[in-house]
A.B. asks: 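Below you will find the structure I want to go over with you.
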Amino acid sequence: MVAAHASHSSSSSEWIACLDKRPLERSSEDVDIIFTRLKEVKAFEKFHPNLLQQICLCGYYENLEKGITLFRQGDIGTNWYAVLAGSLDVKVSDTSNYQDAVTICTLGIGTAFGESILDNTPRHATIVTREYSELLRIEQKDFKALWEVKPKDLLNN
């Protein structure tokens with residue numbers, strides 16, 4: 001976590017406490033609580049339940065204050081993110097001078113970004129928090145493993 005923010009609504013604090021634990025320290029009850037909440041997040045609404053369950057096992061909670069640069073255009077990515085609260089600006093520059101970057105859009109609650117980690121291509125934009133934001137972060141090795149799941153593993157039984 002970069003910059004802690006003390007206030008959470010009571011309805012969200014339980015699932016955030018579960019998500020804030022290291023994945024190996026989460027109980028099955030913790031995973032169930034995270035799963036129930038993530039099902040309501042737009043970024044995950046079309047995910048198969050088995051895939052969402054795996055995300056609950058490997059995702060990390062991250063909260064960032066306003067003005068924090070998550071990564072810069074040209075960086076090689078190491079994480080994938082979903083916005084749980086807040087918003088982030090997407091900025092691009094035609095030069096290597098980040099001061100001339102222009103905001104091309106804003107990512108809000110329920111959006112996801114960082115898919116370039118699948119093929120190690122450089123980030124196409126700089127991402128900066130527009131306000132206090134809460135994110136779900138998945139590390140590259142875990143994100144790649146999620147997409148290597150066999151189709152039979154996603155069948156409902």
Side-chain angles (χ1 to χ4, degrees), residues 1-3 15-16 18-26 28 30-65 67-98 101-157:
M1 282 186 275
V2 172
W15 87 277
I16 288 173
C18 296
L19 191 58
D20 206 21
K21 292 179 183 178
R22 292 179 183 263
L24 293 176
E25 296 172 356
R26 293 180 191 149
S28 59
D30 292 335
V31 172
D32 290 344
I33 290 168
I34 297 166
F35 181 86
T36 299
R37 175 61 174 88
L38 288 185
K39 284 192 313 187
E40 301 169 4
V41 175
K42 183 179 178 184
F44 302 114
E45 67 187 6
K46 294 184 180 179
F47 282 32
H48 189 279
N50 290 349
L51 180 58
L52 192 54
Q53 185 82 15
Q54 292 302 308
I55 289 170
C56 294
L57 295 169
C58 67
Y60 291 87
Y61 173 76
E62 197 164 306
N63 58 359
L64 305 167
E65 293 296 335
I68 301 294
T69 299
L70 197 56
F71 54 79
R72 293 196 182 279
Q73 182 177 338
D75 289 352
I76 299 298
T78 56
N79 296 291
W80 176 89
Y81 300 89
V83 182
L84 304 173
S87 59
L88 301 96
D89 286 333
V90 178
K91 300 180 175 212
V92 295
S93 172
D94 290 332
T95 69
S96 61
N97 180 0
Y98 298 108
V102 176
T103 300
I104 59 167
C105 68
T106 299
L107 304 173
I109 296 170
T111 57
F113 57 98
E115 297 81 6
S116 67
I117 63 172
L118 285 172
D119 59 6
N120 292 321
T121 57
R123 300 286 193 182
H124 300 292
T126 297
I127 305 293
V128 180
T129 54
R130 184 179 187 87
E131 61 187 317
Y132 168 79
S133 299
E134 297 178 346
L135 308 173
L136 173 77
R137 176 178 58 85
I138 299 177
E139 294 176 347
Q140 183 179 34
K141 65 179 175 28
D142 295 324
F143 190 74
K144 284 184 172 183
L146 290 173
W147 297 108
E148 292 171 358
V149 173
K150 310 287 186 289
K152 67 176 180 62
D153 296 335
L154 296 180
L155 296 175
N156 288 324
N157 293 328

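The basis for the numbers below is simple: all heavy atoms, side chains too, and nothing from hydrogens, waters or symmetry mates. Quick note: residue numbers are just sequence positions, from 1.
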A.B. asks: Looking only at heavy atoms, what is the nearest atom pair of Ile117 and Gln140, with distance?
C.D. replies: O-NE2, 2.7 Å
A.B. asks: For Phe113 versus Leu107, what's the shortest heavy-atom pair and its separation?
C.D. replies: CD2-CD1, 3.4 Å
A.B. asks: Looking at CG of Leu52 and OG1 of Thr36, how far apart are the two atoms once the value is rounded to the nearest 0.5 Å?
C.D. replies: 9.5 Å
A.B. asks: What heavy-atom pair brings Ala43 and Ala82 nearest, and what distance separates the two atoms?
C.D. replies: CB-CB, 4.3 Å
A.B. asks: Would a distance-only check, ignoring hydrogens and angles, find a side-chain to backbone donor-acceptor pair under 3.5 Å from Thr129 to Ile68?
C.D. replies: yes
A.B. asks: Within the structure provided, determine whether Leu70 and Val128 are in side-chain contact (heavy-atom separation under 4.5 Å).
C.D. replies: no
A.B. asks: Show the nearest heavy-atom pair for residues Val41 and Gly110, with the distance to one decimal.
C.D. replies: CG1-CA, 4.0 Å
A.B. asks: Rounded to the nearest 0.5 Å, what separates atom CD in Glu134 from atom OH in Tyr61?
C.D. replies: 3.0 Å
A.B. asks: Does Glu139 have any salt bridge (Lys or Arg N to Asp or Glu O under 4.0 Å) partners at least two apart in sequence or in another chain, and if so, which?
C.D. replies: Arg137, Lys141
A.B. asks: Please give me the minimum heavy-atom distance between Lys91 and Gln73, naming the atom from each residue.
C.D. replies: O-OE1, 4.0 Å
A.B. asks: Test Arg26 against every option in Leu19, Leu57, Asp20 by the side chain to side chain contact (heavy atoms under 4.5 Å, CB included) rule and name the one that passes.
C.D. replies: Leu19
A.B. asks: Of all residues at least two apart in sequence or in a different chain, which pass the salt bridge (Lys or Arg N to Asp or Glu O under 4.0 Å) check with Arg130?
C.D. replies: Asp89
A.B. asks: Please report the C-alpha distance between Ile109 and Lys42 in whole Å, then the side-chain angles of each, then the deciding distance to 0.1 Å, and finally whether the side-chain contact (heavy atoms from CB on, under 4.5 Å) criterion is met.
C.D. replies: CA-CA 8 Å; Ile109 296 170; Lys42 183 179 178 184; over 6 Å; no
A.B. asks: What's the separation between atom CD1 in Ile33 and atom CG in Leu38, rounded to the nearest 0.5 Å?
C.D. replies: 12.0 Å
